[in-house]
Amino acid sequence: MVDRNGWGRERPAPTGAPRSPPAAFVEQANVTDEEIYEAFDENWPACWERAAELLTWNEPYDTVLEAEDAPFYRWFTGGTLNASYNCLDRHLEAGRKTHTAIRWEGKRGERETYTYRDLYVEVNELAAALRALGVGEDDAVTIYLPMIPELPIAMLACARIGAPHSVVFAGLSSEALATRMDAAESEYLITCDGYYRRGDAFNQKAKTDNARIALEQDVQTIVVDRLGDDLPHVLGENERDYDDFREAFEGETVEPVPRDAEDMLFLMYTSGTTGQPKGVVHSTGGYLAHVAWTSHAVLDVKPEDTYWCAADIGWITGHSYIVYGPLALGTTTVMYEGTPDYPDRGRLWEIVDRNAVDVFYTAPTAIRAFMKWGEEFPEGYDLSSLRLLGSVGEPISSRPWRWYHEHIGNEECPIVDTWWQTETGAITVSTLPGIDEMKPGAAGPALPGTDARVVDDSGDEVGPDEAGYLVLARPWPGMARTLYDGDDRFVAEYWRRFSDPGDDRWWYESGDAARIDADGYITILGRVDDVINASGHRLSTMEIESAITNVDGVAEAAVVGRSNATAETEIYAYVSTDGHNDPDAAIREAIVENVEATIGPIARPEQVIFTPELPKTRSGKIMRRLLEDVANGEELGDTSALRNPEIVGEIQAEIFGADAVDE
Ligand code: WTA
């Protein structure tokens, strides 16, 4: 079955000899015990106590894993804890109150430092204010903020009073915000007046106002004044200024609410294979244990480190590895508001240099951009503080891997290529940097205690190096507990295809294709469902398609990912217009505008290709896979079984005739 589906066309086998982790790194690594894989295997699931031990529990748990209601697994049952206590109070109690918790780097060069004590004070005041506003345990609070300190503060304040947060990426549209607030029945919103985009003041409050108009429920809103005089704003009914709101509770503290290990810590909406985003539910105990453990074992974070995950907290990577993981371990976490190229292309390296960052974690899309810009930018800075580098979000092929290793890590830092998902909550596949060899291009083995396998269409395991579907054959603590939209959708999306309930076999379907080599190293080949990973943002083709077909004059649309010359995934939209409308620049513009308005600029199609019809099977199914091959300039197989084979040639002419090809 290898590559019959076109999987892995961009993914050659890892090249070059495996590299051992440098001795200097191993000497100081958090986890160096080679027996750990076997030990976790033999002692499963009790092995996961090692993760739970990194936390402070109010009530100890009595059972590590309850599997009776699989796939609704329950971890560390009977235990109670509070995530904000684990990220704050316990570090104060350990005498580390003056230790830096957050180093914030603003877009305009502003800098702020929060000690654990500062963070504790502000989180408590906000928690007291939220409670006084009426936020109770289990009330979902939506947070729609850019990368400013108030974002993690709001998350921790919610966690303190047992209110699940639902963070919506600040770049998403007002419509996307409204859909998520509606789905979560959320009556509280923390947002801001605006933020700077490449130096300009951008009005976030206007987006929030539009979303509120679309909602049936009354929404209590708290507005952070990020821009001051650069963007004056007026507060309306049910709106409060963040500073006034919090300062009314100056100096107050709130007892952290003990939460059951299985209680929801947060909700995170992510794109699935339908137009409706999925509300992934994460637990308090299992999630926090898993993110703390992987921050310790994979990212090698130590309390005295300055650690930087250059992601956005609006997505899962930022939740797990800017906020909860590093703060649970009591380290210093860097938070950067800006982009890598503003005010210049050396910006990130300047931050690494000035803060003496020890561990740096980013996405391949950024690494490919650094490579394109050239090594002169990092060369201008002292990066010798770096000890470990990480990659997440997309496959990193061996060339950018080597560039990262050489020009950022000076060949002295191991690289962890970490595979995981919103649904897995925390890193699931990666080398352990103090133990395992690295194979550039392959993520690594499944973590100790997890079981990743590759199967074919019928769910049978394939041989080494053969492509197939990546499944997880054992539960893990950070796993999503359900979808907020319902248990049925949870089972249908992840647990139906490769499970066999009669045999009590529950295999989680990741939606990714992969290969596993004879050493157990996993190479990820990309999504096999209708999800596109573009510049590290996870988007649903159906969501984009429905934004396109909502434009007047559009009949049908199909959206695919195209890998460009630098292996970036771009969005290509194939569109046919209805009988009354000829394709023209106005429709093209309306399409792009509507995608931006419905989802956000991150979903903007790179190319809109008009075609009289979309290629379809005889039963009328749009051939997306074929359209993807066309966009990627692949050899096409036999298309004679299509209802309208002649259309394929027309589309190819349209694309390659226009200046759609890179360079
Ligand atoms: C992809 C982000 C290759 C994958 C944490 C997955 C990766 C999706 C890697 C989840 C990696 C993540 N190598 N592909 N190291 N890490 N992916 O939910 O397709 O935003 O299914 O979570 O990103 O994206 P999500």
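In each ligand, atom 1 is the first atom listed, and ligand 1 is the first ligand listed. Being a predicted model, the structure only gives us computed values, none of them experimental. These numbers come from the heavy atoms of this one structure, side chains and all, not from hydrogens, waters or symmetry mates.
Ligand 1 has no atom lying under 4.0 Å from any heavy atom of W315.
With a 4.0 Å heavy-atom cut-off, ligand 1 is reached by no atom of V531. No part of A443 comes within 4.0 Å of ligand 1, judged by heavy-atom distances. Residue Q421 touches ligand 1 through backbone and side chain together, judged by heavy-atom distances below 4.0 Å. Residue-level proximity to ligand 1 for T418 is carried by the backbone, the only part with a heavy atom below 4.0 angstrom.
Checked options T523, T424, T428, D512; the residue passing with W419 is D512 (criterion: side chain to side chain donor-acceptor pair (under 3.5 Å)).
Distances between N or O atoms of S510 and those of ligand 1 include no value under 3.5 Å.
The six-membered or imidazole ring of F266 lies near that of Y287, with a centre-to-centre distance under 6.0 Å. A centroid separation of less than 6.0 Å is found between the aromatic rings of W401 and H405. A centroid separation of less than 6.0 Å is found between the aromatic rings of F360 and W349. Taking the ring centroids of H282 and H290, they lie at or beyond the 6.0 Å cut-off. Centroid-to-centroid, the aromatic rings of H407 and F370 stay 6.0 Å apart or farther.
For atom 24 (O) of ligand 1, the closest heavy atom belonging to the protein is R538 CD, 3.6 Å. The protein atom (non-hydrogen) at minimum distance from atom 8 (C) of ligand 1 is N533 ND2, 3.6 Å. Looking at atom 4 (C) of ligand 1, its nearest protein heavy atom turns out to be D512 OD2, 2.9 Å. W420 O, 3.7 Å is the protein heavy atom nearest to atom 10 (C) of ligand 1. The single protein non-hydrogen atom nearest to atom 16 (N) of ligand 1 is G393 N, 3.1 Å, given as residue, atom name and distance. Closest protein heavy atom to atom 21 (O) of ligand 1: R527 NH1, 2.7 Å. Here the heavy atom of the protein found nearest to atom 11 (C) of ligand 1 is E394 O, 3.5 Å. Scanning all protein heavy atoms for the shortest distance to atom 25 (P) of ligand 1 gives T422 OG1, 3.5 Å.
Put simply, the side chain of N632 never gets that close to the backbone of E634: no donor and acceptor are under 3.5 Å apart.
We find that D485 and K278 are not joined by a salt bridge, their nearest charged nitrogen and carboxylate oxygen being 4.0 Å or further apart.
For the residue pair S540 and S271, no side-chain donor N or O sits within less than 3.5 Å of a side-chain acceptor on the partner. Checking E423 against Y494 by side-chain atom types alone, a donor-acceptor pair falls below 3.5 Å.
Of all the atoms in ligand 1, the ones that sit under 4.0 Å from a non-hydrogen atom of T317 are 5 (C).
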